[in-house]
Amino acid sequence: MAAIDRVLRSNIKLRHLQLLVALDQFRHLGRTAEFMSVSQPAVSKMLTEVESMLGSTLFERSTRGTEPTAAGCSLVRFARSVLADYERTRDEIAAVESGAAGRTRVGSMVVTLPVLLAQAVALFKSDAPGATVLVEEGDLTQLLPKLRLGEIDLFVGRLEPGYAAPDLVTEKLFNEPMVAVVGAGHTLSRKKQPTWADLAAMPCVLPPPWASLRVKLEQQFFKHKLQPPADIIETASFLAISTFVQQRMAVAFVARSVGQHFEREGLFKVLKLPVPVDLPPVGLITVRGRPPTRITEQLMQSLRRVAAKR
């Protein structure tokens, strides 16, 4: 244990960490060498150096490529976290030296991206026009690992209780119900009182099977003695939702603010159909013990200000 501690604290270099992350990504010595602009023997030599320092095999080599061992997976997670902290610190120092405002990285769910986050970024940019905001869209299964590794600084979306953990700090902003939407020219858009039977007969865009919302929506069909739609597309991507609503004349379920926003834009029509599903609140998630950077805190304040006006 002492030897491993000494290696991680003193011996291992940034280049070694970059190598491990690249090997995990490409799973091939040749492609890793090409990515790092070095020769394949140089990649093999660096990997052997790290393995010798730790006294462990980190990647199994074969004619098919490389595969991380259990120890390798642990060190890759460490490498990703260190490199993310390095990049964040580098960007902060560069921003201070250049007089720029800095950079923050936020992961957003569909429920928050088109309205809450968009308005908060506009407010944030009015105070810090030189700041850069990197936005990644996804769901909790995709974004929380990135948050924990430091690859994003902040999560904005639904605070699903099943994902609560001691290492995460959650902050509720507001509750956001769901609505059913169709394209502006859809036949249901002209119906005064659409029913769940109407929806069951249409192509439908639903959340992925592992999402709690998926189960709750299917329960609504069963509650009305209906089978859920047979023609479905599963996605957590807003672009995919918008595409299939407009091109396949599908029905989708989105946050009320999102549906109303794109109804005003002429893209969606919010159906006059109650969607009585119990949903977790919308809020923020950060990592406990990792204070947000000044620029991330500014964005969080903008999100709170926009949420307070709802």
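Keep in mind that what you see is a predicted model, and the values were worked out from it rather than measured.
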Got a sec, which pairs hit ring-ring contact (aromatic ring centres under 6.0 Å, His included) with one end in residues 266-310, sequence neighbours left out?
F262-F268
Regarding E60 and T69, is there a side-chain donor-to-acceptor distance under 3.5 Å anywhere?
no
Under a 3.5 Å threshold, yes or no: a donor from one side chain and an acceptor from the other, between S302 and Q298?
no
Kindly compute the distance separating CE (M300) from CG (L173), expressed to the nearest 0.5 Å.
9.0 Å
Please go through L199's hydrophobic cluster and name the other residues, only I, L, V, M, F, W, Y counting, with side-chain heavy atoms under 4.5 Å joining them.
M178, V182, L188, W196, M202, L206, L213, L217, F221, L226, I232, V251, F253, L271, L273, V275, V277, L279
Results of ring-ring contact (aromatic ring centres under 6.0 Å, His included) for F59 - residues two or more places apart only:
none
For L239, is there any backbone N or O sitting under 3.5 Å from a side-chain donor or acceptor partner on T243?
yes
Keeping the roles fixed (side chain from S189, backbone from H186), state whether a donor-acceptor pair exists under 3.5 Å.
yes
Donor-acceptor check, side chain of K272 to backbone of P194, threshold 3.5 angstrom: yes or no?
no
Set out, in order, the CA-CA distance, both residues' side-chain angles and the distance that settles side-chain contact (heavy atoms from CB on, under 4.5 Å) for L29 and L23, then state yes or no.
CA-CA 7 Å; L29 291 173; L23 273 172; 3.8 Å; yes
Is there a chain of hydrophobic side chains (I, L, V, M, F, W, Y, each step under 4.5 Å between heavy atoms) that links W210 to I241?
no
Show the nearest heavy-atom pair for residues G183 and V245, with the distance to one decimal.
N-CG1, 3.3 Å
Working note: E136 + V106, criterion side-chain contact (heavy atoms from CB on, under 4.5 Å); need CA distance, chi angles, decisive distance, verdict.
CA-CA 6 Å; E136 288 199 34; V106 56; over 6 Å; no
Taking salt bridge (charged side-chain N to carboxylate O under 4.0 Å, His left out) as the cut-off, I'd like each qualifying pair that reaches into residues 229-242, sequence neighbours left out, listed once.
R214-E234, D231-R248
Salt bridge or not between R105 and E151? Use side-chain N to carboxylate O under 4.0 Å.
no
With a 6.0 Å cut-off (strictly less than), is the heavy-atom count around CD of E49, excluding the residue itself, greater than 12?
yes
Linked hydrophobic residues, V215 as query - side chain contacts closer than 4.5 Å
none
Nearest 0.5 Å, what's the CD-CZ distance between Q260 and R264?
6.5 Å
Rounded to the nearest 0.5 Å, the CZ atom of F26 sits from the CD atom of E34 at a distance of 8.5 Å
Does any N or O in the side chain of D127 come within less than 3.5 Å of the main-chain N or O of F124, such that one atom is a donor and the other an acceptor?
no
Salt bridge (charged side-chain N to carboxylate O under 4.0 Å, His left out) between R304 and E297, worked out
CA-CA 10 Å; R304 294 179 186 117; E297 182 58 43; 3.1 Å; yes
Nearest atoms (heavy-atom pairs only) where V179 meets A255
CG2-O, 4.1 Å
State whether the side chain of R288 and the backbone N or O of L168 hold a donor-acceptor pair below 3.5 Å, judged by distance alone.
yes
Just how far is it from atom CG of L20 to atom CZ of R80, taken to the nearest 0.5 Å?
10.5 Å
Pairwise ring-ring contact (aromatic ring centres under 6.0 Å, His included) hits with a residue in residues 153-183, at least two apart:
none
Keeping the roles fixed (side chain from R290, backbone from R148), state whether a donor-acceptor pair exists under 3.5 Å.
yes
OG1 on T104 to CG on D153, rounded to 0.5 Å:
4.5 Å
Can you check side-chain contact (heavy atoms from CB on, under 4.5 Å) on Q220 and H224, steps first, answer last?
CA-CA 6 Å; Q220 289 300 311; H224 291 83; 4.1 Å; yes
Residue pair E51, R61: steps toward the salt bridge (charged side-chain N to carboxylate O under 4.0 Å, His left out) verdict
CA-CA 13 Å; E51 290 179 328; R61 289 81 142 176; 3.0 Å; yes
Please check if the side chain of E176 supplies one atom and the backbone of V282 the other of a donor-acceptor pair under 3.5 Å.
no
Please check: side-chain N/O of E137 versus main-chain N/O of S108, any donor-acceptor pairing under 3.5 Å?
no
Any donor-acceptor pair under 3.5 Å from T48 side chain to S44 backbone:
yes
Under a 4.5 Å side-chain heavy-atom rule over Ile, Leu, Val, Met, Phe, Trp and Tyr, are L159 and V254 clustered together?
no
side-chain contact (heavy atoms from CB on, under 4.5 Å) between V306 and V115, worked out:
CA-CA 10 Å; V306 171; V115 182; over 6 Å; no
Taking R64's backbone N and O only, do any of them form a donor-acceptor pair with S62's side chain (distance below 3.5 Å, no angle check)?
yes
Tell me whether V110 is reachable from L144 by hopping between hydrophobic residues (I, L, V, M, F, W, Y) whose side-chain heavy atoms are closer than 4.5 Å.
no
Interatomic distance, L149 atom CG to L83 atom CG [nearest 0.5 angstrom]:
10.5 Å
